[in-house]
Amino acid sequence: MAGKEPSGRPLSPHLQVYKWGPHMAVSIFHRVSGDGLAIVGALMFLGWLGAIAAGPEAYAAFVACVWHDPAGGSLHQITNILGKIVLVGLTWAFFQHLFSGLRHFVLDTGAGYELKANKLWSTVVIVGAIFATAATWLYIAKEALNG
C-alpha cells in the first residue's frame with residue numbers, strides 16, 4: 001500500500017527544534033496579557049461598577065476586599081494580598097501588552113526584522129514592562145504611605 005511506505009519528506013518541526021528567545025516569549029506574553037486584561041480586567045471592572053451601583057456599603061466592602069481594610073481580620077488580610085497581586089498582575093499585563101503592541105506597530109512598518117534588532121527590542125519590551133510596573137507600584141505605595 002502506498003500509505004505505509006516511508007516518504008522522503010521531512011516531518012514538520014516540533015517544539016524541541018526551535019531555539020527559544022525573547023521574541024518568542026514576547027509573542028506568548030502578548031497573547032497572555034491580552035487575555036488577562038480582557039477577562040480578569042473586565043471582571044474586576046464589572047465588580048467595581050456593581051459595588052458602586054449597590055451603594056456605599058457595597059463599595060466599602062469591595063475596597064476592603066481588594067485594597068485595604070483597617071478593621072479587617074485574617075480573612076481580609078488574605079484577600080488584601082490576593083487583591084494586590086491581581087492589581088499588580090493587571091498592571092504588568094497592561095504595560096506588557098502596550099509595549100509589545102508598540103513593537104508590533106514598528107514591525108508593521110517593515111523595520112526591526114533583523115535578528116539582533118528583534119531580540120533587542122523584545123528584551124526591551126520585557127524589561128520595560130517590569131520596570132514600568134515596578135515604578136507604578138512604587139509610586140502608589142509612596143502615595144499610600146504619605147497620604
Side-chain angles (χ1 to χ4, degrees), residues 7 9-147:
S7 73
R9 298 177 60 186
L11 298 175
S12 74
H14 201 262
L15 293 176
Q16 64 264 32
V17 174
Y18 295 108
K19 290 184 180 180
W20 283 85
H23 53 289
M24 294 174 82
V26 166
S27 177
I28 292 168
F29 287 155
H30 186 73
R31 289 173 176 85
V32 169
S33 63
D35 289 344
L37 286 170
I39 296 168
V40 178
L43 290 175
M44 288 287 289
F45 182 66
L46 290 175
W48 178 71
L49 282 179
I52 289 174
E57 296 85 18
Y59 182 72
F62 178 83
V63 170
C65 184
V66 174
W67 187 249
H68 179 65
D69 186 12
S74 61
L75 177 64
H76 277 262
Q77 289 176 351
I78 293 171
T79 59
N80 290 160
I81 292 170
L82 292 176
K84 286 183 179 82
I85 289 171
V86 169
L87 291 174
V88 169
L90 283 172
T91 307
W92 170 82
F94 171 75
F95 285 120
Q96 179 70 33
H97 203 72
L98 172 70
F99 295 156
S100 180
L102 291 172
R103 177 181 164 265
H104 280 284
F105 181 71
V106 171
L107 289 173
D108 286 345
T109 66
Y113 280 106
E114 299 80 24
L115 187 59
K116 285 185 179 184
N118 198 344
K119 286 184 178 184
L120 172 71
W121 286 110
S122 299
T123 305
V124 167
V125 165
I126 294 170
V127 171
I130 293 169
F131 178 76
T133 302
T136 301
W137 280 96
L138 286 173
Y139 177 78
I140 291 170
K142 183 185 93 169
E143 291 296 318
L145 291 175
N146 291 337

Results of side-chain hydrogen bond (donor to acceptor under 3.5 Å, both in side chains) for Trp137 - residues two or more places apart only
Thr91

Report the residues that fulfil side chain to side chain contact (heavy atoms under 4.5 Å, CB included) with Ile130, sequence neighbours left out, ordered by chain and then residue number.
Trp92, Ile126

In Å and rounded to the nearest 0.5 Å, what is the CG to CD1 distance from Leu90 to Ile85?
12.0 Å

Determine, stepwise, if the pair Met44 / Leu87 fulfils side chain to side chain contact (heavy atoms under 4.5 Å, CB included).
CA-CA 9 Å; Met44 288 287 289; Leu87 291 174; 3.9 Å; yes

Any side chain to side chain donor-acceptor pair (under 3.5 Å) pairs touching residues 101-112, not counting sequence neighbours?
Arg103-Asn118, Arg103-Ser122

Distance-only check: which donor-acceptor pairs under 3.5 Å involve side-chain atoms of residues 23-30, not counting sequence neighbours?
from: Ser27; atom 1: OG; to: Arg31; atom 2: NH1; distance (Å): 2.5
from: His30; atom 1: ND1; to: Ser100; atom 2: OG; distance (Å): 3.0

Which atom names give the shortest non-hydrogen contact between Phe62 and Ala51, and what distance separates them?
CB-CB, 3.6 Å

Does any N or O in the side chain of Lys84 come within less than 3.5 Å of the main-chain N or O of Val66, such that one atom is a donor and the other an acceptor?
no

For residues 32-49, pull every pair meeting side chain to side chain donor-acceptor pair (under 3.5 Å), keeping only residues two or more places apart or in separate chains.
Ser33-His97

Phe99: which residues meet the side chain to side chain contact (heavy atoms under 4.5 Å, CB included) condition with it, sequence neighbours left out?
Phe95, Leu102, Val125, Ala129, Ala132

Main-chain N/O of Leu107 paired to Tyr113 side chain as donor or acceptor, under 3.5 Å:
yes

What one should report as the nearest heavy-atom pair of Ala93 and Leu37 is O-CD1, 3.7 Å

